Amino acid sequence: MAAVRKLQRCAVSPTGQHSASVIFLHGSGDTGRGLRAWVRDVMVPDLAFSHIRVIYPTAPASNLFFSFFVSKFKGGFSMGGAMALHLACRYHPDIAGVFALSSFLNKDSVAFQERVRAGNSLPDLFQCHGTSDDLVLHQWGEDTAALLRKAGMGATFHSLPGLHHQLSQPEMELLRTWILTKLPPAATAS
């Protein structure tokens, strides 16, 4: 039996009672700590919530496709967003939602084929993409959203004018708002 490796990760704990978690996957060549630092630099004051833990795991260099099957909430930037889409479409249609920032799936991805074949309901997709992204082209992101809609996923696509292959504060504010619609704070007793 293969040894189980514990993933390196950093997390932002909720300021109140924890009721949900968001897993934010990094892109190729980055780490969870690197993505966390980038989010903190871009997001003022921070991508933090009173009831949601935000987890930034680091993928082992030898195995990008590692398990997130214990969580109910996923998303990522670039390659991390593509990974989150695959996990949501192929393995976990029961998650609250999936986000993909500057990400895409190839037009012949098995994720599209699995969804059409399975016929299960799909989580909603929140997607942002910069119009000036010259690494992962904006059109690829738009095509991914269109194909996922066709496969039955509710997809919201935001174009960000002039944004390259990077995170931005407006994008992160949109993401924060979307996360709160999917994972609202628990109702307080009166």
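All of these numbers come straight from a predicted model, not from anything done at the bench. Numbers for residues simply follow the sequence, beginning at 1.
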Just wondering, do Leu47 and Met172 contact through their side chains at under 4.5 Å, heavy atoms? yes
Heavy-atom donor-acceptor pair, Asn106 side chain to Ser109 backbone, under 3.5 Å: no
Would Leu167 and Leu137 show up in the same hydrophobic cluster when neighbours are defined by side-chain heavy atoms closer than 4.5 Å? no
How long is the span from the CG atom in Leu101 to the OG atom in Ser78, to the nearest 0.5 Å? 9.5 Å
Counting N and O atoms only, with roles assigned by atom type, does the side chain of His164 sit under 3.5 Å from a partner on the main chain of Ser132, one being a donor and the other an acceptor? yes
If we only count heavy atoms from C-beta on, is the Leu85 to Leu125 side-chain gap below 4.5 Å? yes
Can you run down the ring pair (Phe, Tyr, Trp, His ring centres under 6.0 Å) pairs that involve residues 131-153, sequence neighbours left out, and say none if there aren't any? Phe104-Trp140, His129-His138, His138-Phe157
Within a strict 4.5 Å, meaning less than it, do heavy atoms of the Thr144 and Gln127 side chains meet? yes
With rounding to the nearest 0.5 Å, note down the distance linking CG in Leu87 to CD1 in Ile95. 8.0 Å
Could you check Val22 against Leu183 for side-chain contact (heavy atoms from CB on, under 4.5 Å), going step by step and ending with a plain yes or no? CA-CA 9 Å; Val22 169; Leu183 304 170; 3.9 Å; yes
So, for Lys182 and Ala96, which heavy atoms are closest and what is the spacing to 0.1 Å? CD-O, 3.4 Å
Scan side-chain atoms only and decide if His26 and Thr58 contain a donor-acceptor pair under the 3.5 Å cut-off. no
Any link between Trp38 and Val136 through a network of hydrophobic side chains (Ile, Leu, Val, Met, Phe, Trp, Tyr) touching at under 4.5 Å? no
Indicate yes or no: does Arg36 engage Asp30 in a salt bridge with an N to O separation below 4.0 Å. no
Between Pro14 and Ser50, which heavy-atom pair has the shortest distance, and what is it? CB-O, 3.3 Å
Might you point out which heavy atoms bring Pro161 and Thr131 nearest each other, and give the distance in Å? CA-OG1, 3.2 Å
Spacing of OG belonging to Ser102 relative to CG belonging to Leu135, to within rounding of 0.5 Å: 9.0 Å
Atom NE2 of His51 and atom CG of Leu180: how far apart are they, to the nearest 0.5 Å? 6.0 Å
Taking C-beta and beyond as the side chain, do Cys10 and Tyr56 meet within less than 4.5 Å on heavy atoms? yes
First locate atom CE of Met153, then atom CG of Leu148, and finally report the distance between them rounded to the nearest 0.5 Å. 5.0 Å
Can you find a heavy atom in the side chain of Leu160 that is under 4.5 Å from one in the side chain of Cys128? yes
Any sub-3.5 Å donor-acceptor pair from His86's side-chain atoms to Ala88's backbone N or O? no
With a 4.5 Å limit on heavy-atom distance, are the side chains of Trp178 and Thr156 in contact? no
Less than 4.5 Å apart, side chain to side chain, heavy atoms only: is that true for Ser103 and Met79? no
List for me each residue that meets salt bridge (Lys or Arg N to Asp or Glu O under 4.0 Å) alongside Arg176, sequence neighbours excluded, and say none if there are none. Glu173
Looking at Ala48 and Val12, what are the two nearest heavy atoms and their distance? CB-CG1, 3.8 Å
If you take all heavy atoms of Leu25 and Pro57, which pair is closest and at what distance? CD2-CG, 3.8 Å
For the residue pair Phe77 and Phe24, is the inter-centroid distance of their aromatic rings smaller than 6.0 Å? no
At what distance, to the nearest 0.5 angstrom, does CD1 of Ile55 lie from CD1 of Ile23? 5.0 Å
Just by distance, do the side chain of Arg53 and the backbone of Ser21 share a donor-acceptor pair under 3.5 Å? no
